[in-house]
Enquirer: 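Handing you this structure, nothing more for now.
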There are 2 protein chains.
Amino acid sequence: MDKKRKTQTLSEALVTRGVRMTRQRKIVLDLLENASGHLDAAAVLEQARRTDPGIDRATVYRTLSLLKRSGLIEELDLLHLGGKGHYYERRETGTHVHIGCVGCGQIVEFPTRLIARLEADIQEITGYKVESTRVEVAGRCPRCAQGQ
Amino acid sequence: MDKKRKTQTLSEALVTRGVRMTRQRKIVLDLLENASGHLDAAAVLEQARRTDPGIDRATVYRTLSLLKRSGLIEELDLLHLGGKGHYYERRETGTHVHIGCVGCGQIVEFPTRLIARLEADIQEITGYKVESTRVEVAGRCPRCAQGQ
DNA sequence: CAGGACTTGCAACTGAGTTGCAAGTGGAAA
DNA sequence: TTTCCACTTGCAACTCAGTTGCAAGTCCTG
Ligand SMILES: [Mn+2]
Ligand SMILES: [Mn+2]
Ligand SMILES: [Zn+2]
Ligand SMILES: [Zn+2]
């Protein structure tokens, strides 16, 4: 049993949609694919430049915008605990919420079925067709909660 | 039975905390108190200037920041459907989620107990002390969902 | 392998939000 | 009521993430 494999990589998904696959895009897609944490645009640029130092800020922004428009990545605000920009992550099937510690800034993820329930409620009661849901919680991690 | 009255106005809450009450602050607090929709900083400034045309952008930003630090207002991202700024609203007791239509940009509120449940789950399972939760849903209103 | 539509890098621009500072003021204390 | 000063304001300059127009470069279909 090898490592869990996604049905389709980001590159594959984009090519399927008839999007031209350039060297620069491949770099950004691959790094988002394998990213561990949550990256903001500056972090994506920095990572991308390790592979291609010539890649430009504008290209990164344009690629992130393309991915978001295509519904392949999620844009997070994460309560701006670590700066003024937004963060990006591969869009997953099972939803999770993000919890940010206002003390140390650490972000943890918390999977839950309550979001799916909420979305069902919304659809049923309001008639809205839900496309995505973002849940961001501010709190204090056990360590930072010590002594208030 | 007169109109439902809040226990404490924003001004009262701030004065209680020993904050100096200036003419400019009073204007901003009162306007947030009575605001119907969701206002961004520019809208707050514009509203405030109807009362005092001399009030400065910096004062508005500083006041919003003060209110946020004091936990009296909530800062919302609302998926940036209407610009690049954030939105502000009086912090309420009963939580509600915000649903933004990606078609027409309209924002509606949806009260639910699921958020309280989620917060309880988080506290119990992760040990985090939850301070606030923001739920922002992107979707299509019935009108905009017609014909996809 | 050639052609053309699409993409990139660059550099200039945008605009929301921030900051240092001198002048003004709220409100406690006398 | 008047005094006084720490705190607040308006202003103007600044910051900096993100955007945009354009000429040069590249993907990819035929
Ligand atoms: Mn935001
Ligand atoms: Mn609201
Ligand atoms: Zn912490
Ligand atoms: Zn709509």
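Given the structure is predicted, the values throughout are model-derived calculations rather than measurements. Every chain is numbered from 1 and lettered A, B, ... according to where its sequence line falls, protein lines coming before strand lines. All values below were derived from every heavy atom in this structure, side-chain atoms included, with hydrogens, water molecules and symmetry-related copies excluded.
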Enquirer: Considering the terminal five base pairs at each end of the helix from C/dC1-D/dG30 to C/dA30-D/dT1, what angle separates the two local helix axes, rounded to 10°?
Expert: 40°
Enquirer: Under 4.0 Å between a Lys/Arg side-chain N and an Asp/Glu carboxylate O for A/E74 and A/R134?
Expert: no
Enquirer: Give me the first and last nucleotide of DNA chain D, going 5' to 3', that has any atom under 4.0 Å from a heavy atom of chain A.
Expert: D/dA17 to D/dC28
Enquirer: Specify the separation, in whole Å, of atom CZ of A/R25 and atom C1' of C/dT7.
Expert: 6 Å
Enquirer: How close or far is atom P of C/dT7 from atom CG of A/D52, stated in whole angstroms?
Expert: 17 Å
Enquirer: Any chance you could lay out the side-chain hydrogen bond (donor to acceptor under 3.5 Å, both in side chains) test for B/D77 and A/H86, step after step, and finish with the verdict?
Expert: CA-CA 11 Å; B/D77 176 277; A/H86 284 174; 3.2 Å; yes
Enquirer: Going by the rule side-chain contact (heavy atoms from CB on, under 4.5 Å), which residues pair with A/V108 if we only count those two or more places apart in sequence or in a different chain?
Expert: A/I99, A/Q106, B/Y128
Enquirer: Could you pull out the protein-nucleic contacts involving nucleotides 27-30 of chain C (nitrogen or oxygen on both sides, under 3.5 Å)?
Expert:
residue: C/dG27; atom: OP1; partner: B/M21; partner atom: N; Å: 2.7

Enquirer: Does a side-chain heavy-atom distance below 4.5 Å link A/M21 with A/L29?
Expert: yes
Enquirer: Can you list the residues that meet the side chain to side chain donor-acceptor pair (under 3.5 Å) rule with B/D30, with sequence neighbours excluded?
Expert: B/K26
Enquirer: B/H98 and B/E109: which non-hydrogen atoms are nearest, and at how many Å?
Expert: NE2-OE2, 3.5 Å
Enquirer: Going by number, which of residues 56-65 of chain A have a non-hydrogen atom under 4.0 Å from DNA chain D?
Expert: A/R57, A/A58, A/Y61, A/R62
Enquirer: Between A/Q24 and B/R23, just flag the one whose closest nucleotide in DNA chain C comes earlier from the 5' side.
Expert: A/Q24
Enquirer: Applying side-chain contact (heavy atoms from CB on, under 4.5 Å), name anything that partners A/E119, two or more places apart in sequence or on another chain.
Expert: A/I115, A/V130, A/T133
Enquirer: Quick one: side-chain contact (heavy atoms from CB on, under 4.5 Å) partners of B/R117, sequence neighbours excluded?
Expert: A/L114, A/R117, B/L114
Enquirer: List the atom pairs, with distances to 0.1 Å, where a side-chain N or O of residues 62-69 of chain B and a protein N or O form a donor-acceptor pair under 3.5 Å, not counting sequence neighbours.
Expert:
residue: B/T63; atom: OG1; partner: B/T59; partner atom: O; Å: 2.8
residue: B/S65; atom: OG; partner: B/R69; partner atom: NH2; Å: 3.4
residue: B/K68; atom: NZ; partner: B/E75; partner atom: OE1; Å: 2.6

Enquirer: Could you tell me which residues satisfy side chain to side chain donor-acceptor pair (under 3.5 Å) with A/Q24, sequence neighbours excluded, listed by chain and number?
Expert: none
Enquirer: Quick one: side chains of residues 41-50 of chain A, donor-acceptor pairs under 3.5 Å with protein atoms, not counting sequence neighbours, listed by atom name and distance.
Expert:
residue: A/E46; atom: OE2; partner: A/R50; partner atom: NH2; Å: 3.1
residue: A/R49; atom: NE; partner: A/I55; partner atom: O; Å: 3.0
residue: A/R49; atom: NH2; partner: A/I55; partner atom: O; Å: 3.1

Enquirer: With A/D52, which residues qualify under side chain to side chain donor-acceptor pair (under 3.5 Å), at least two apart?
Expert: A/R23
